[in-house]
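Given the structure is predicted, the values throughout are model-derived calculations rather than measurements.
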Amino acid sequence: MKPVLLCCMALVLTVSARAGSPEAQARLQYLQHCMGCHLEDGSGAPERGVPSMRGQLGRFLSVPGGREFIAQVPGVMNSGLSDADIARLMNWLLPRLSAETLPAGTAPYTEAEIARLRTTRPLDVPAARQALVDLLQTRAAAR
């Protein structure tokens with residue numbers, strides 16, 4: 001595709017995201033900032049180290065540190081989105097990809113929470129993710 005056409009498409013997506021409903025904005029921001037790795041349906045590419053988010057995000061919310069982690073991964077924090085945009089994106093994403101595992105009464109992310117989380121990101125993201133996965137497995141085995 002020609003660079004001019006790519007620039008025009010990016011501009012249209014950006015303008016559309018700002019002009020639409022909060023849900024439309026979140027969806028377009030997912031397409032712009034997340035789909036490249038996690039694919040349109042959130043299935044990712046586990047064979048390349050990109051985990052699936054489908055049915056998984058809610059599980060992370062059920063263990064200490066999981067809520068923070070899913071909002072602190074590099075793809076979210078380095079996206080260039082504002083704190084309000086990230087909160088809106090996360091609140092749109094969770095029920096779409098993990099409604100069946102979302103804990104009842106899950107509070108929506110807020111702009112202030114995202115701002116706070118930006119200051120406390122994990123230094124070793126794979127290790128932090130593995131610790132959460134291990135905790136989830138331990139809890140599942142105890143049931």
Side-chain angles (χ1 to χ4, degrees), residues 1-140:
M1 208 176 280
K2 297 192 182 228
V4 172
L5 182 57
L6 287 174
C7 288
C8 289
M9 287 174 58
L11 180 61
V12 167
L13 284 173
T14 301
V15 170
S16 297
R18 292 173 197 239
S21 70
E23 184 169 309
Q25 290 176 2
R27 182 177 187 284
L28 285 172
Q29 288 169 335
Y30 177 84
L31 294 174
Q32 289 176 314
H33 299 282
C34 309
M35 184 179 87
C37 293
H38 288 284
L39 307 180
E40 187 171 0
D41 68 351
S43 62
E47 68 282 358
R48 292 185 303 163
V50 179
S52 173
M53 295 187 289
R54 298 194 63 72
Q56 301 303 312
L57 295 178
R59 293 186 199 326
F60 278 84
L61 293 176
S62 70
V63 294
R67 178 181 176 89
E68 294 81 1
F69 176 79
I70 63 172
Q72 292 174 318
V73 296
V76 174
M77 290 288 120
N78 297 331
S79 68
L81 294 172
S82 71
D83 297 336
D85 286 338
I86 290 172
R88 181 177 40 251
L89 176 59
M90 296 302 290
N91 294 332
W92 173 84
L93 188 65
L94 287 168
R96 272 149 198 82
L97 295 183
S98 289
E100 69 280 3
T101 61
L102 201 59
T106 297
Y109 283 92
T110 65
E111 180 177 355
E113 180 180 16
I114 297 299
R116 179 182 55 78
L117 292 175
R118 283 189 190 267
T119 66
T120 61
R121 298 190 254 184
L123 295 175
D124 186 343
V125 173
R129 183 179 192 286
Q130 188 59 54
L132 291 168
V133 168
D134 291 347
L135 182 55
L136 284 165
Q137 291 173 342
T138 299
R139 284 189 174 185

Short side-chain to backbone donor-acceptor contact, Q72 and P122, under 3.5 Å: no

Reported CD1-to-CE distance for the pair I86 and M77, which is rounded to 0.5 angstrom: 4.5 Å

Heavy-atom closest contact (P64 atom, L135 atom, distance): CD-CD2, 3.9 Å

CG on D124 to CD on Q130, rounded to 0.5 Å: 11.0 Å

Heavy-atom donor-acceptor pair, S43 side chain to S52 backbone, under 3.5 Å: no

Residue pair S79 / L89, side-chain heavy-atom distance below 4.5 Å: no

R139 side-chain N/O to S62 backbone N/O, donor-acceptor pair under 3.5 Å: yes

Side-chain heavy atoms of Y109 within contact of I70, under 4.5 Å: yes

Side-chain donor/acceptor of R54 to backbone N/O of D41, under 3.5 Å: yes

From CA spacing to verdict: side chain to side chain contact (heavy atoms under 4.5 Å, CB included), E111, I114: CA-CA 5 Å; E111 180 177 355; I114 297 299; 5.9 Å; no

Sidechain-backbone polar pair: R67 side chain, A107 backbone, donor-acceptor under 3.5 Å: yes

Heavy-atom side-chain proximity of L93 to Y30 below 4.5 angstrom: yes

Separation of Q29 CD from L81 CG (nearest 0.5 Å): 5.0 Å

Under 3.5 Å: donor-acceptor pair, side chain of S98, backbone of T101: no

Nearest atoms (heavy-atom pairs only) where P51 meets G49: CD-O, 3.3 Å

R121 side chain vs P74 backbone, donor-acceptor pair below 3.5 Å: no

Spacing of R59 atom CZ and L102 atom CG [to the nearest 0.5 Å]: 11.5 Å

N/O donor-acceptor pair under 3.5 Å between H33 side chain and V76 backbone: no

Straight-line distance of D85 CG to M90 CE, nearest 0.5 Å: 13.0 Å

Student check: side-chain heavy atoms of L97 and H38 closer than 4.5 Å: no

Short N-O contact, R27 and E40, less than 4.0 angstrom: yes

Side-chain touch P95/T106, heavy atoms, less than 4.5 angstrom: no

R96 CZ: over 12 foreign heavy atoms closer than 6.0 Å: yes

